[in-house]
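When a ligand or atom number is given, it counts from 1 through the structure's own listing order.
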Amino acid sequence: MNEPTIFKRIIDGEIPASIVYEDDQCLAFHDVAPQAPIHILVIPKKEIASIEHITPEDKALIGHLFIVIQTIAREQGLAEDGYRVICNCGKDGGQTVFHLHYHLMGGCNLQWPPGPAPTQENG
Ligand code: 5GP
């Protein structure tokens, strides 16, 4: 059997996290390595590995996650100036934890655009 992901272990209370929101469907907690003044991860409790593993039966759950993201953003004082929501998918998308999660980032002006990671060819 596959090892549980780090996020499944957080859901199960096996490892600690700084939780900002929880309900029966999802959990949100501060990222351990924040890349912005506010960097919160919002995850479903259901084990869905990535965007590629979402099915039509998850439609309501995915909508719920975005309502929760909006609620947390407002609570964190991000609504007026704005924020960014990122969902990395798979290797090229930069996903490192294979349990669906949305990064909610804000509290400063975030740079844009992202792009190809540096390689030996492009430096
Ligand atoms: P990904 O690269 O998969 O889109 O994002 C995974 C995120 O999970 C990263 O931003 C990383 O800092 C965060 N992360 C990894 N392990 C832990 C952990 O044990 N606790 C918390 N709170 N965040 C984690």
**Prompt:** For Met105, what are the other residues in its hydrophobic cluster, where any two members join if their side-chain heavy atoms are less than 4.5 angstrom apart?
**Reply:** Ile86, Leu110
**Item:** Whether Lys45 side chain and Asp23 backbone form a donor-acceptor pair below 3.5 Å
**Value:** yes
**Message:** Donor-acceptor pair, distance only, cut-off 3.5 Å: does the side chain of Gln95 make one with the backbone of Ala49?
**Reply:** yes
**Request:** Before giving the answer on side chain to side chain contact (heavy atoms under 4.5 Å, CB included), spell out for His99 and Ile11 the whole-Å C-alpha distance, their side-chain angles and the decisive distance to 0.1 Å.
**Result:** CA-CA 11 Å; His99 181 117; Ile11 291 167; 3.6 Å; yes
**Request:** Would you give the length of the straight line joining atom NZ of Lys91 to atom CZ of Phe98, rounded to the nearest 0.5 angstrom?
**Result:** 10.0 Å
**Message:** As a quick check of understanding, evaluate ring-ring contact (aromatic ring centres under 6.0 Å, His included) for His103 and His101, giving each step before the final call.
**Reply:** CA-CA 7 Å; His103 298 254; His101 53 282; 5.1 Å; yes
**Request:** List, ordered by chain and residue number, the protein residues whose closest non-hydrogen atom lies under 4.0 Å from any atom of ligand 1.
**Result:** Ile6, Phe7, Ile10, Phe29, His30, Asp31, Val32, Ala33, Leu41, Asn88, Gly94, Gln95, Thr96, Val97, His101, His103
